[in-house]
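What follows is a single structure, written as structure tokens, with notes after it.
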2 protein chains.
Amino acid sequence: MKQKGITLKDVAAAANVSRATAARALSSYGYVGDETALRVQEAADRLGYRANRVAQALRSGQLPIVGFVPGDIQNPFFARIAHDLEVELRKQGHNLLIASSEESVKQEKELLESLRSLGLRGFVLAPASATDNRHIAKLARDGVPCVLIDRVVKDVRCDSVAVDNEGGTREAIDYLVANGHRRIGFLRDDSRIFTAQERLGGYQGALAGHGISVDETLIAVSRSAVEHAIDATIRLFSRRDRPSALFTVDSLMTQGALLGLRSMGLHIPHDVSLIGFDDFNLATFTDPQITVVAQPISEIGPLAARLLLERLQGSAAPPQQIRFPTRLIVRGSVSRPR
Amino acid sequence: MKQKGITLKDVAAAANVSRATAARALSSYGYVGDETALRVQEAADRLGYRANRVAQALRSGQLPIVGFVPGDIQNPFFARIAHDLEVELRKQGHNLLIASSEESVKQEKELLESLRSLGLRGFVLAPASATDNRHIAKLARDGVPCVLIDRVVKDVRCDSVAVDNEGGTREAIDYLVANGHRRIGFLRDDSRIFTAQERLGGYQGALAGHGISVDETLIAVSRSAVEHAIDATIRLFSRRDRPSALFTVDSLMTQGALLGLRSMGLHIPHDVSLIGFDDFNLATFTDPQITVVAQPISEIGPLAARLLLERLQGSAAPPQQIRFPTRLIVRGSVSRPR
DNA sequence: TATTGATATGAGATCGATCTCACATACGGA
DNA sequence: TCCGTATGTGAGATCGATCTCATATCAATA
């Protein structure tokens with residue numbers, strides 16, 4: 001049950017020097033005699049010494065660990081970002097601790113508290129709420145390095161990496177309108193979530209731009225999970241004057257819509273046109289393939305990691321608010337309404 | 001940049017007691033006067049005291065963090081398990097640190113060393129190799145609690161949770177043979193990986209059981225990634241006497257096969273029948289839907305977490321080797337050969 | 001009254017790495 | 001020869017929580 005625990009003390013004893021000298025030899029700071037340094041190195045190698053990172057952390061006040069708090073690690077979008085973060089951070093000797101908020105502000109708050117007491121060096125966050133963010137503001141105020149991804153929070157002084165949700169959605173709606181659609185359904189997740197708000201804004205703005213009044217009954221709400229999205233889709237399309245097209249705000253909702261429509265015997269794009277926000281593997285496996293608003297997902301994680309590492313190295317530059325453009329990938333799920 | 005850091009010392013000062021007494025009051029051990037305990041509690045609350053978990057870890061030698069080392073966090077199978085592990089561990093006040101081995105034994109080795117020096121309390125591993133496992137054996141020998149998932153390693157004394165790879169594969173091959181197939185392709189990932197070996201064994205065993213000799217040229221190897229699987233599929237089906245059916249060893253390979261076959265203009269199940277190991281969302285979105293060997297994925301993570309927690313609580317019971325049965329889910333991707 | 005035990009508290013040690021400070025040498029120039 | 005600086009080393013403090021041990025008080029028992 002006991003760890004073996006070869007400590008600096010052991011190494012020092014083996015090399016016949018004091019702990020201080022051994023530390024100097026291994027971390028190469030201060031003055032150490034060449035011959036002594038060699039002897040210590042050798043002893044350390046021979047004993048298989050590895051510094052206890054917890055002890056180091058106690059002194060420095062920080063563990064070389066970065067926390068990642070996504071809404072849901074099972075969402076491929078976040079899984080991809082987690083992977084990219086991990087790769088970048090590892091290069092700098094940091095590890096990544098992943099703790100999902102499960103889109104609960106309460107859980108997010110608890111997690112952050114608990115992880116702070118763990119001495120994590122910084123955080124990459126996708127805040128569960130666009131408004132209730134005092135805990136994040138506090139984090140930033142306390143000087144804990146922090147990068148927001150996917151979702152931006154106002155009034156918090158920290159870096160953020162997100163995409164142009166509003167523009168991306170507008171482009172998609174424009175495309176639907178250009179194809180003759182005027183009754184366009186909108187399937188979104190909890191309005192608490194930042195991206196949902198911005199994407200809704202893009203939807204409303206685009207419609208307004210075309211002189212189409214927003215019909216609130218065409219906007220369906222569901223949790224971001226396939227099963228819930230199925231139900232919401234069915235509700236939306238059960239009405240007599242159903243929409244001729246549908247826009248979904250993330251890939252899980254798109255999947256739900258796909259299944260919901262299929263269960264109702266509605267064909268894409270013959271009966272309903274569909275565009276989803278966020279590209280996903282599955283979109284090219286369906287028949288027809290799904291037209292989507294793609295995010296530059298491969299850039300988000302590495303950039304967030306780099307921003308965070310700069311902060312960890314003490315950068316006090318003003319917060320950077322990065323916004324990537326999106327790209328409409330036209331496949332086969334849109335046609336003119338019947 | 002500095003953490004605020006309200007320490008036990010501050011609380012003790014505020015409550016006019018020694019650090020020792022404050023500690024007793026807060027962790028409720030030893031004797032403390034009722035009135036004193038209350039005063040300390042109050043002071044702690046007022047100051048917003050949170051114990052420094054790094055300092056606790058230094059004393060106890062262990063951080064309340066469990067490491068999860070999957071092959072690839074982007075694989076939905078592992079993402080799901082990560083989620084389930086996290087939920088279970090959080091209940092016991094532990095956090096989960098995820099570090100992908102990216103199917104590299106070298107990286108796995110380095111990660112484990114680095115995470116051990118971090119004082120992690122235990123590990124959940126999906127070993128990258130079925131054979132080269134001295135580092136894992138050492139871990140187990142040193143008494144570090146350890147649970148293997150998905151992949152079992154011989155000669156290592158630790159718990160494991162896996163599925164009946166051989167039986168599941170055999171059932172699928174039997175089903176294909178029952179449908180009249182005799183030339184059945186097999187698309188597998190690196191033979192180093194445990195599950196690949198067992199699934200190959202199931203394939204060979206099933207064929208032998210039906211008196212069909214194994215044609216090595218029908219066995220294709222690719223890395224477990226969609227793009228690589230596409231190429232391997234195309235190679236396999238470019239030959240004149242191509243197989244009439246294909247079995248793929250995981251969901252990423254199945255996706256690759258799907259795309260590869262489509263790019264060649266081969267239709268499922270008309271031209272080729274297909275069964276994949278591991279169920280995945282996408283399988284029900286294709287037309288036809290894909291017949292798969294499903295694993296009880298919702299049980300693996302929670303069980304692994306429970307086994308690990310028992311070890312953390314000091315259980316010295318003999319290692320448990322759990323094997324879940326698989327289930328063949330018949331959908332529409334298999335028909336009789338032309 | 002003396003003694004035992006339960007209760008209550010504080011001083012100080014401990015975990016392991018690292019940093020400060022004090023104390024040695026050595027070597028150069030004056 | 002003497003002093004200043006560069007070099008090398010060790011003793012001990014530090015980070016924060018917790019544990020051991022010593023001590024102190026009070027009550028109940030012998």
Side-chain angles (χ1 to χ4, degrees), chain A residues 1-41 43-44 47-65 93 114 116-121, chain B residues 1-41 43-44 47-65 93 114 116-121:
Chain A
M1 215 53 195
K2 276 269 186 57
Q3 305 281 90
K4 304 234 294 189
I6 290 148
T7 72
L8 187 62
K9 208 167 131 191
D10 302 327
V11 175
N16 261 317
V17 293
S18 69
R19 281 150 44 250
T21 302
R24 273 188 287 256
L26 294 174
S27 327
S28 51
Y29 73 94
Y31 293 109
V32 202
D34 290 348
E35 197 267 339
T36 313
L38 207 69
R39 201 147 34 91
V40 173
Q41 281 290 356
L47 296 175
Y49 169 74
R50 299 205 104 229
N52 180 326
R53 296 214 272 157
V54 174
Q56 294 176 323
L58 178 57
R59 282 226 86 209
S60 67
Q62 300 177 319
L63 276 171
I65 299 182
S114 148
R116 271 192 75 180
S117 77
L118 249 177
L120 296 212
R121 292 204 57 185
Chain B
M1 215 55 195
K2 276 267 187 57
Q3 304 282 86
K4 303 233 293 189
I6 290 146
T7 73
L8 188 62
K9 207 167 134 191
D10 302 326
V11 175
N16 261 316
V17 293
S18 70
R19 282 150 46 247
T21 303
R24 273 187 286 256
L26 294 173
S27 331
S28 50
Y29 74 94
Y31 293 109
V32 201
D34 290 348
E35 199 266 339
T36 313
L38 208 68
R39 199 147 35 89
V40 173
Q41 281 290 356
L47 298 176
Y49 168 74
R50 300 206 106 231
N52 179 326
R53 295 214 271 157
V54 175
Q56 293 177 323
L58 178 59
R59 282 228 80 199
S60 67
Q62 299 177 317
L63 276 171
I65 299 183
S114 147
R116 272 192 75 180
S117 77
L118 247 176
L120 295 211
R121 293 204 57 184

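Within every chain, numbering begins at 1; the chains are lettered A, B, ... in the order of the sequence lines, protein sequences first and strands thereafter.
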Exercise. Tell me: CZ of A:Arg59 to C1' of C:dT18, nearest whole Å?
Worked result: 4 Å

Seminar exercise, completed: A:Leu8 atom CG is separated from C:dT18 atom C1', nearest whole Å, by 9 Å

For this session: Enter the distance from A:Ile65:CD1 to A:Leu118:CG here, rounded to the nearest 0.5 Å.
Result: 7.0 Å

Exercise. To the nearest 10 degrees, how far apart in direction are the end axes of the helix from C:dT1-D:dA30 to C:dA30-D:dT1, each fit to five base pairs?
Worked result: 70°

Problem set entry | B:Ser117 side-chain N/O to B:Ser114 backbone N/O, donor-acceptor pair under 3.5 Å | yes

Problem set entry | Integer-rounded Å distance: D:dT18 P and B:Leu58 CG | 12 Å

Exercise. Rounded to whole angstrom units, what separation is found between the CZ atom of A:Arg19 and the C1' atom of D:dA11?
Worked result: 9 Å

For this session: Measure the spacing between CZ of B:Arg19 and OG1 of B:Thr21 and express it to the nearest 0.5 Å.
Result: 10.5 Å

Exercise. How many angstroms lie between CG in B:Leu63 and CZ in B:Arg121, if you round to the nearest 0.5 Å?
Worked result: 10.0 Å

Seminar exercise, completed: Separation of C:dA8 atom P from B:Asn16 atom CG, nearest Å, is 18 Å

For this session: Hey, which sits more toward the 5' end of DNA chain D by its nearest nucleotide, B:Asn52 or B:Arg24?
Result: B:Asn52

Exercise. Any side-chain heavy atom of A:Tyr31 within less than 4.5 Å of one from A:Arg24?
Worked result: no

